[in-house]
Amino acid sequence: MVDPVVFELLHTEMVAELWAHDSDLDPGPGGQKTSLLVLEGMGFRVGQALGERLPREMLAFREELDVLKFLCKDLWGAVFQKQMDSLRTNHQGTYVLQDSSFPLLVRMGSGLQYLEEAPKFLAFTCGLLRGTLSTLGIKSLVTASVAALPACKFQVVIQRS
Amino acid sequence: MSRQANRGTESKKMSSELFTLTYGALVTQLCKDYENDEDVNKQLDKMGYNIGVRLIEDFLARSNVGKCHDFRETADVIAKVAFKMYLGITPSITNWSPAGDEFSLIMENNPLVDFVELPDSHSSLIYSNLLCGVLRGALEMVQMAVEAKFVQDALKGDGVTEIRMRFIRRIEDNLPVGEE
């Protein structure tokens with residue numbers, strides 16, 4: 001079994017490498033946007049693949065809220081060794097998942113100092129959530145926001161066609 | 001098996017798969033970003049180095065391993081403690097050079113390459129090259145300059161995966177050996 005710290009360090013290095021590469025190609029906000037999209041896209045594909053590998057028994061969800069609870073409990077538990085701290089919903093397809101100590105932000109310190117850097121460290125995970133949801137049959141838009149490190153919120157908005 | 005036990009195993013499996021899948025996504029992205037396999041190999045090595053430099057701190061904090069007195073002890077620690085702790089595998093140590101400054105790590109299975117097939121267009125890609133960088137970076141932080149390279153790769157049809165480790169020299173006074 002691969003130790004979780006290995007993923008954390010890989011993720012940090014991935015963010016640094018993609019950021020540097022895309023900034024070299026396009027030093028302005030365009031390059032930054034590309035990096036965020038690339039990271040989100042990678043997370044999406046990983047989330048999809050992870051979702052595909054889950055055993056069927058684990059996925060007997062009765063309703064949408066159960067899927068979100070699964071993400072908060074089981075997915076978060078497997079990926080970050082902890083559960084999401086809170087899950088709120090307006091019961092109309094918008095969910096807010098709150099993590100008071102998001103492991104990928106913890107390394108960056110706490111408070112307001114590295115707020116600007118935070119989005120880079122959330123993009124992959126947003127994609128991961130979106131990808132897993134996609135495999136579970138749910139189309140969504142996932143964004144994240146940080147008020148003060150290392151706490152963050154993920155907002156999942158279900159897209160109904 | 002109780003549902004709880006199932007969940008625990010499932011969780012560990014997901015955690016390992018997350019790493020393997022993420023690594024795969026990274027290599028795929030690097031292949032898009034860089035024109036040739038050689039450049040990708042270099043990037044993987046460099047990224048591995050940066051990871052190794054941090055991983056060693058985690059290792060020293062968690063493993064309670066004392067200072068190694070020679071390269072043989074180092075080899076044992078790498079294979080039996082570090083690889084086990086981080087990748088859940090124990091490579092075997094073979095092919096010591098007469099001078100005791102080179103050995104091979106033989107991996108029967110490599111967690112990085114689960115579900116991976118190398119397309120023909122990337123025959124020069126050293127898919128797991130990150131590992132070589134990690135070894136190099138980690139050992140540099142404990143005052144050892146080493147070279148690590150893949151000499152056999154199951155992904156390319158070899159029977160096993162083999163990393164050759166070579167001791168270059170002891171580093172004095174914390175001066176860095178290579179560029180980052």
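Reminder, nothing fancy here: chain letters follow the sequence lines and each chain counts from 1.
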D58(B) vs L9(A) side-chain heavy atoms within contact, under 4.5 Å
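Side chain of D58(B) against side chain of L9(A), heavy atoms only: no contact under 4.5 Å found.
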Pick one of side chain, backbone, both or neither for F124(A), based on which atoms fall under 4.5 Å of a heavy atom in chain B.
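Looking at F124(A), just its side chain touches chain B.
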Pick from L128(A), V6(A), V79(A), T12(A) with the largest number of heavy-atom pairs that fall under 4.5 Å of chain B:
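It is V6(A).
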Could you name the residues of residues 22-40 of chain B that have a heavy atom within less than 4.5 Å of a heavy atom in chain A?
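Within residues 22-40 of chain B, the residues under 4.5 Å from chain A are T22(B), Y23(B), A25(B), L26(B), Q29(B), L30(B), K32(B), D33(B), Y34(B).
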Answer yes or no: are there more than 12 heavy-atom neighbours, outside E117(A) itself, under 6.0 Å from its atom CD?
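Atom CD in E117(A) is crowded, with more than 12 foreign heavy atoms closer than 6.0 Å.
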Working to the nearest 0.5 angstrom, can you tell me the gap between R53(A) CZ and K13(B) NZ?
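It comes to 8.5 Å.
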I need the minimum non-hydrogen distance between [X] and [Y], along with the two atoms involved.
X	Y	answer
R54(B)	E13(A)	NH1-OE1, 3.5 Å
V2(A)	S15(B)	O-OG, 4.0 Å
L50(A)	L21(B)	N-CD1, 3.9 Å

Chain A heavy atoms under 4.5 Å from L130(B): which part of the residue, side chain, backbone, both or neither?
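The side chain, not the backbone.
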Identify the residues of residues 34-47 of chain A whose heavy atoms come closer than 4.5 Å to a heavy atom of chain B, ordered by number, or report 'none'.
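Within residues 34-47 of chain A, the residues that come under 4.5 Å of chain B (heavy atoms only) are V38(A), M42(A), R45(A), V46(A).
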Quick one: do R62(B) and V5(A) satisfy side-chain contact (heavy atoms from CB on, under 4.5 Å)? Show the steps, please.
CA-CA 12 Å; R62(B) 283 164 62 187; V5(A) 76; 3.9 Å; yes
